[in-house]
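Shown below is the structure under consideration.
Bear in mind that the values here come from a model prediction, so they are computed numbers and not experimental data.
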Amino acid sequence: MIKILFFGSIAAKIGRREMMIDRCGLTLADVVKEAGLETFKPLLVAVNQQQEHDLNILIQDGDEVAMMPPFAGG
Amino acid sequence: MIKILFFGSIAAKIGRREMMIDRCGLTLADVVKEAGLETFKPLLVAVNQQQEHDLNILIQDGDEVAMMPPFAGG
Amino acid sequence: MNSDMNKQQDAVRIQEADFSIEAEVDALRATSKRIGGITTFLGCARDFSEGRDVFSINFEQYAGMATRAMLSLRDEALEKFEIIDLRIVHRVTTVHAGDKIVLIVVGAEHRGPAFEACEWIIDSLKQRVPIWKKEVTPDGDSWVTEHP
Amino acid sequence: MNSDMNKQQDAVRIQEADFSIEAEVDALRATSKRIGGITTFLGCARDFSEGRDVFSINFEQYAGMATRAMLSLRDEALEKFEIIDLRIVHRVTTVHAGDKIVLIVVGAEHRGPAFEACEWIIDSLKQRVPIWKKEVTPDGDSWVTEHP
């Protein structure tokens, strides 16, 4: 099971904050596509709370993937 | 009457904080000499609470002249 | 080890509650008498942004990752600059004009590195810490996308 | 005019008493809701200097000229940088390790000018405000001559 989290304007756009995917062998790019965010730019992605720039990595069962718009703290 | 004020290490060196001179037609350089500070370096001088770099100006009766080592606030 | 851990986590916090600048500066000063200069940056909510009135700002964080990113900023700054210690507190809640949002406190022996580090931390925080804000304006809600 | 004068003199002070950072920052924030970033610099007494222990530091000022010089620094900074307001408080008394000496608080719409102005003010204060300090050390008294 892969847990996807949505934040900020992305959560507002998608209308939810969380989504589960129960499939194996997905790349990070596949997960972004499953979430319907392949055209969302700029999109920041984190895997298990670490920012990840390589969309080709394989996502493992139990991973937490976050879909994030650019940060705006401070 | 010209009032001369001494500050910081200069007051410590000269052993007093104030001195009066009752003479006319003195330049700032003369006043520095009267105070015995012509060889003290670096010496900052203020006339009536404004820093003064021109030692040739004439000091007027009633002026307040300050003999100051480099500042060390903060 | 455990008390070091607590100390470090106390030095970097994300919270709803308002904070005291004095208390954070005092906590920093208590860590070393070698500190000669302390710089702070306080970010406050303004009553307008890009020409519009702003009623309030709602903050949101990626809990966990945001704190981890701030801890790693702190470690990196302690490594990168000649400073003695630093603290970061960021509120995640709804704030109004004049309210405090973020505080960075940096202590060093000399002021140059304290200024450098303080500015680097707030710049880096905006780029690396997963926090977002939505401004509530007369024209509706608006997610802030730039790093001003 | 009179109340402007009072406000300005309150914003720049030389005093024996300790000061509150929070109170100074609050006083600054009260002047405008357009302030988005506040930088501060706090100078503290260290317990050693140039490798020697320091028991205490005695400050001395040219009363009158020191305040005038600080007021003119403030005016110049408000002119020179894109900032909204600023405050300067300097203690002139005997302080010990860890004691607060000087505080500069700068408020601006954006943080860049606030950092720039704050650093410029402390640098300029050291060069232009007639204040001196004598360190009391195990080897005797020593006037501080450098601008570190």
Pick one of side chain, backbone, both or neither for D:Arg128, based on which atoms fall under 4.5 Å of a heavy atom in chain B. backbone

Shortest non-hydrogen separation from D:Thr145 to B:Pro70 and the atoms involved: O-CB, 4.3 Å

Neighbours of chain B found in residues 113-124 of chain D - heavy atoms under 4.5 Å: D:Ile122

Can you tell me which residue among B:Gln50, B:Met68, B:Glu64 is in a side-chain contact (heavy atoms from CB on, under 4.5 Å) with D:Met65? B:Met68

Are there more than 12 heavy atoms of other residues, nucleotides or ligands under 6.0 Å from atom CD of D:Glu82? no

Check: B:Gly74 main-chain N/O paired with D:His90 side-chain donor or acceptor under 3.5 Å: yes

With sequence neighbours excluded, give me every side-chain hydrogen bond (donor to acceptor under 3.5 Å, both in side chains) pair touching residues 34-48 of chain B. B:Arg23-B:Glu34, B:Asn48-B:Asp63

Contact part of D:Ala63 toward chain B, heavy-atom cut-off under 4.5 Å: side chain, backbone, both or neither? backbone

Pairs where residues 6-25 of chain B contributes a residue and the test ring-ring contact (aromatic ring centres under 6.0 Å, His included) is met, not counting sequence neighbours: B:Phe7-D:Tyr62, B:Phe7-D:Trp132

What residues, two or more places apart in sequence or in another chain, satisfy side-chain contact (heavy atoms from CB on, under 4.5 Å) together with D:Arg46? C:Glu109, C:His110

Contact part of B:Leu5 toward chain D, heavy-atom cut-off under 4.5 Å: side chain, backbone, both or neither? side chain

For the residue pair B:Ala72 and D:Val144, what are the closest heavy atoms and their distance? CB-O, 3.5 Å

